[in-house]
Amino acid sequence: MSFKEIENLPIFWADHEDIAMALYERFGSQFNESKIYRIRFTDLIEWVMEIPHFEGRRDDCNEAHLEQIQAKWVYEWRDNNS
């Protein structure tokens, strides 16, 4: 299922792959693998909160979620740039 097919469903912090797909849709190749891992968590939180249909609360975010989102975003980038 692509991001376009799920874009109307609510997204929460634990939906790491959906978030990563949305971030890749937004930024494309602007961020490569090394740049993704250097994104400040404060910026990443803001970008996630801006995703349409994201319904997670800022208070529910933690470092583990952010690390997983970065990892899934790297996988998404690799899939689209190999």
Side-chain angles (χ1 to χ4, degrees):
M1 185 178 301
S2 73
F3 179 70
K4 296 288 184 198
E5 295 169 317
I6 60 167
E7 65 185 3
N8 293 322
L9 297 176
I11 299 173
F12 299 94
W13 287 109
D15 299 322
H16 306 133
E17 189 168 341
D18 296 334
I19 293 170
M21 291 170 68
L23 292 170
Y24 184 78
E25 289 278 328
R26 177 177 175 181
F27 293 106
S29 296
Q30 181 178 345
F31 290 97
N32 62 25
E33 184 173 340
S34 63
K35 286 183 181 179
I36 291 169
Y37 282 124
R38 288 195 314 257
I39 293 170
R40 293 182 315 177
F41 281 169
T42 54
D43 291 336
L44 186 55
I45 291 168
E46 292 305 316
W47 296 341
V48 172
M49 299 293 294
E50 294 169 357
I51 293 172
H53 305 288
F54 182 78
E55 295 185 13
R57 297 179 324 134
R58 187 181 303 269
D59 292 344
D60 295 330
C61 178
N62 60 48
E63 190 172 334
H65 284 309
L66 297 171
E67 289 172 347
Q68 284 297 310
I69 291 165
Q70 283 180 312
K72 298 293 183 183
W73 188 358
V74 165
Y75 294 143
E76 187 69 20
W77 182 85
R78 286 179 185 167
D79 286 348
N80 287 283
N81 291 280
S82 54

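Quick note: numbers below take in every heavy atom, side chains included, and nothing from hydrogens, waters or symmetry partners.
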If you compare all heavy atoms of [X] against all heavy atoms of [Y], which two are closest, and at what distance to 0.1 Å?
{"X": "Ile69", "Y": "His16", "value": "CG1-CD2, 3.9 Å"}
{"X": "Ser34", "Y": "Asn32", "value": "OG-OD1, 3.0 Å"}
{"X": "His53", "Y": "Leu9", "value": "CB-O, 3.5 Å"}
{"X": "Pro10", "Y": "Asp15", "value": "O-OD2, 4.1 Å"}
{"X": "Asp79", "Y": "Ser82", "value": "O-OG, 3.9 Å"}
{"X": "Tyr24", "Y": "Asn81", "value": "OH-ND2, 3.4 Å"}

Measuring only between side-chain heavy atoms, which start at C-beta, is [X] closer than 4.5 Å to [Y]?
{"X": "Asn62", "Y": "Trp13", "answer": "no"}
{"X": "Ile51", "Y": "Asp18", "answer": "no"}
{"X": "Asp60", "Y": "Phe12", "answer": "no"}
{"X": "Ile39", "Y": "Lys35", "answer": "no"}

Subject >> hydrophobic_cluster_shared for Ile19 and Tyr75, side chain cutoff 4.5 Å >> reply: no
**OP:** List for me each residue that meets side chain to side chain donor-acceptor pair (under 3.5 Å) alongside Gln70, sequence neighbours excluded, and say none if there are none.
**Re:** none
Original post:
Has Glu17 got more than 12 heavy atoms of other residues, nucleotides or ligands less than 6.0 Å from its CD?
Top reply: no
Original post:
Around atom CZ of Phe54, are there more than 12 heavy atoms of other residues, nucleotides or ligands at under 6.0 Å?
Top reply: yes
Original post:
So, does Asn80 use its side chain to make a donor-acceptor pair with the main chain of Glu76 at under 3.5 Å?
Top reply: yes
Subject >> Carboxylate-amine/guanidinium contact Arg58 Glu46, below 4.0 Å >> reply: yes
Original post:
In chain order, what residues pass the ring pair (Phe, Tyr, Trp, His ring centres under 6.0 Å) check against Phe31, with sequence neighbours excluded?
Top reply: Phe27, Trp47, Trp73
**OP:** Can you measure from CE (Met49) to CG (Leu44) and round to the nearest 0.5 angstrom?
**Re:** 12.0 Å
